[in-house]
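Step one of this worksheet: look at the structure below.
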Amino acid sequence: MRTPLIAGNWKMFKTVRESVAFVIDLRDRVAGLTGVDIVVAPTFPALHAVAGALEGSPIGVAAQNLHWEREGAFTGEVSAAMVREAGAAWAIIGHSERRTLFGETDDTVNRKVRAALTATLVPIVCIGETLQEREAERTLDVLDRQIKAGLDGVTGTELAGMVLAYEPVWAIGTGRTATPAQAQQAHEHIRGRLTQWFGQDASSRCRILYGGSVKPDNIAALMANPDVDGALVGGASLDADGFTKIVTRGRR
Ligand code: PGA
């Protein structure tokens, strides 16, 4: 059985001080809560301090991005080994904002996934179609391409411990959530492909999150779907009260 996972993607919000204050508060709010894994993804400068503040707590820490090389002349970039040492155990990879605003491709996503695995980070790999692709009925093809290319060379054993996040681009930050039926349809398709390409065991263990305007009032309906194993939450993860509600309602 897959334990639900609720991950908060803070994007470019919260200073180091604000991030630490937030997790100290969150840690108390969710103390003793079972049946759900919780991860927060602060900005790079806050990673180390947040990981320190969460030491001994079950709340995990994720980087929002990384570079695939271990080190080198790559001004402005941060490697998987560096975020691992800073205290992150997880890494969001290929978020649609990275793909559309910063030119990431399925190929760079794949390099990052491999680098994360080498550094023993758990990749949270984001996939999802744009509105144009959905309207052209290309959603499932786009997902197939992103999974196949993004996870090229990944083994079944590695996949079993990984996380995929289905995030329809048209639902991110728009207040327009996919309906529970739309989410389940995409998740079921993704799970089917994972079974086909990585085997039944790996596919049944890999967690598939939904992302895109997840809020306290829609998480329960999304989680009622058998293939929705949690959520990647943007805007609503910035508020401790709302995020705690999502985590609490996301339990199974
Ligand atoms: P949102 O963002 O919850 O603000 O729509 C989700 C995401 O970008 O992961």
Side-chain angles (χ1 to χ4, degrees), residues 4-14 18-19 22 26 36-44 46-47 50 59-66 83 88 90-104 109 112-113 116 121-131 133-134 139 142-143 146-147 150 162-180 182-183 186-187 190 207-223 225 228-250:
L5 169 65
I6 305 291
N9 173 14
W10 295 355
K11 310 191 179 187
M12 201 171 73
F13 292 99
K14 299 189 189 295
E18 289 164 351
S19 301
F22 184 95
L26 180 67
V36 63
D37 292 339
I38 308 168
V39 166
V40 293
T43 59
F44 282 137
L47 267 185
V50 164
I59 303 173
V61 179
Q64 297 177 17
N65 180 31
L66 49 82
V83 298
W90 308 70
I92 298 171
I93 295 176
H95 188 278
S96 73
E97 285 150 18
R98 302 288 326 161
R99 293 179 191 253
T100 55
L101 303 174
F102 302 101
E104 292 200 13
V109 167
K112 291 179 182 202
V113 167
L121 290 165
V122 179
I124 302 173
V125 185
C126 302
I127 57 176
E129 81 288 358
T130 62
L131 184 58
E133 288 162 341
R134 174 160 285 265
T139 297
V142 169
L143 296 178
Q146 291 174 332
I147 297 167
M162 282 176 55
V163 179
L164 292 192
Y166 169 62
E167 299 206 303
V169 180
W170 47 271
I172 297 178
T174 57
R176 198 179 151 189
T177 323
T179 63
Q182 283 172 324
H187 284 228
I190 295 164
R207 286 184 281 193
I208 309 175
L209 312 184
Y210 168 80
S213 299
V214 172
K215 303 273 183 294
D217 62 2
N218 60 25
I219 182 69
L222 289 161
M223 291 300 295
N225 292 302
V228 177
D229 305 317
L232 182 54
V233 187
S237 73
L238 298 169
D239 168 63
D241 200 39
F243 189 59
T244 303
K245 284 197 177 104
I246 293 174
V247 166
T248 307
R249 294 173 189 172

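Every number for a ligand or one of its atoms is a count from 1 in the order of the listing. Heavy atoms only: backbone and side chains are in, while hydrogens, waters and symmetry mates are out.
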Using a 4.0 Å cutoff against the non-hydrogen atoms of [X], which atoms of ligand 1 qualify?
X	value
His95	7 (C), 8 (O), 9 (O)
Gly173	1 (P), 4 (O), 5 (O)
Leu232	9 (O)
Gly212	5 (O)
Lys11	2 (O), 7 (C), 8 (O)

What part of Ile172 sits under 4.0 Å from ligand 1 if we count only heavy atoms: the side chain, the backbone, both or neither? both

Out of Ser237, Gly8, Ser213, the nearest non-hydrogen contact to atom 1 (P) of ligand 1 is supplied by Ser213

Would you compute the distance between atom OG1 of Thr177 and atom CG of Asn218 and round it to the nearest 0.5 angstrom?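 Thr177 OG1 to Asn218 CG: 4.5 Å, rounded to 0.5 Å.
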
Identify the closest protein heavy atom to atom 9 (O) of ligand 1: which residue and atom is it, and at what distance?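 Looking only at protein heavy atoms, the one closest to atom 9 (O) of ligand 1 is Glu167 OE2, 2.7 Å.
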
Residue, atom name and distance, where the atom is the protein heavy atom closest to atom 6 (C) of ligand 1: Gly234 N, 3.5 Å

Give me the atom names and distance for the closest heavy-atom approach of Arg207 to Pro4.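 Minimum heavy-atom separation between Arg207 and Pro4: NH1-O, 4.0 Å.
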
If you take all heavy atoms of Ala171 and Tyr210, which pair is closest and at what distance?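 Heavy-atom minimum between the residues: CB-OH, 3.6 Å.
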
Polar proximity ligand 1 side, Gly235 side, N/O cut 3.5 Å exclusive: yes

For the residue pair Trp10 and Phe22, categorise the inter-ring angle as parallel (less than 30°), tilted (30 to 60°) or perpendicular (more than 60°).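 Answer is perpendicular, since the angle exceeds 60°.
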
Residues passing the salt bridge (charged side-chain N to carboxylate O under 4.0 Å, His left out) test with Glu133, sequence neighbours excluded, are none

Just to verify, what does Lys245 make a salt bridge (charged side-chain N to carboxylate O under 4.0 Å, His left out) with, not counting sequence neighbours? Asp241

Give me the one residue out of Ile93, Asn9, Ile124, Val83 that meets side chain to side chain contact (heavy atoms under 4.5 Å, CB included) with Gln64.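 Option passing the side chain to side chain contact (heavy atoms under 4.5 Å, CB included) with Gln64: Asn9.
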
Looking at ligand 1, would Ala171 count as a contact under a 4.0 Å heavy-atom criterion?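 Contact check Ala171 vs ligand 1: positive.
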
Does Phe13 have more than 12 heavy atoms from other residues, nucleotides or ligands lying within 6.0 Å of its CZ? no

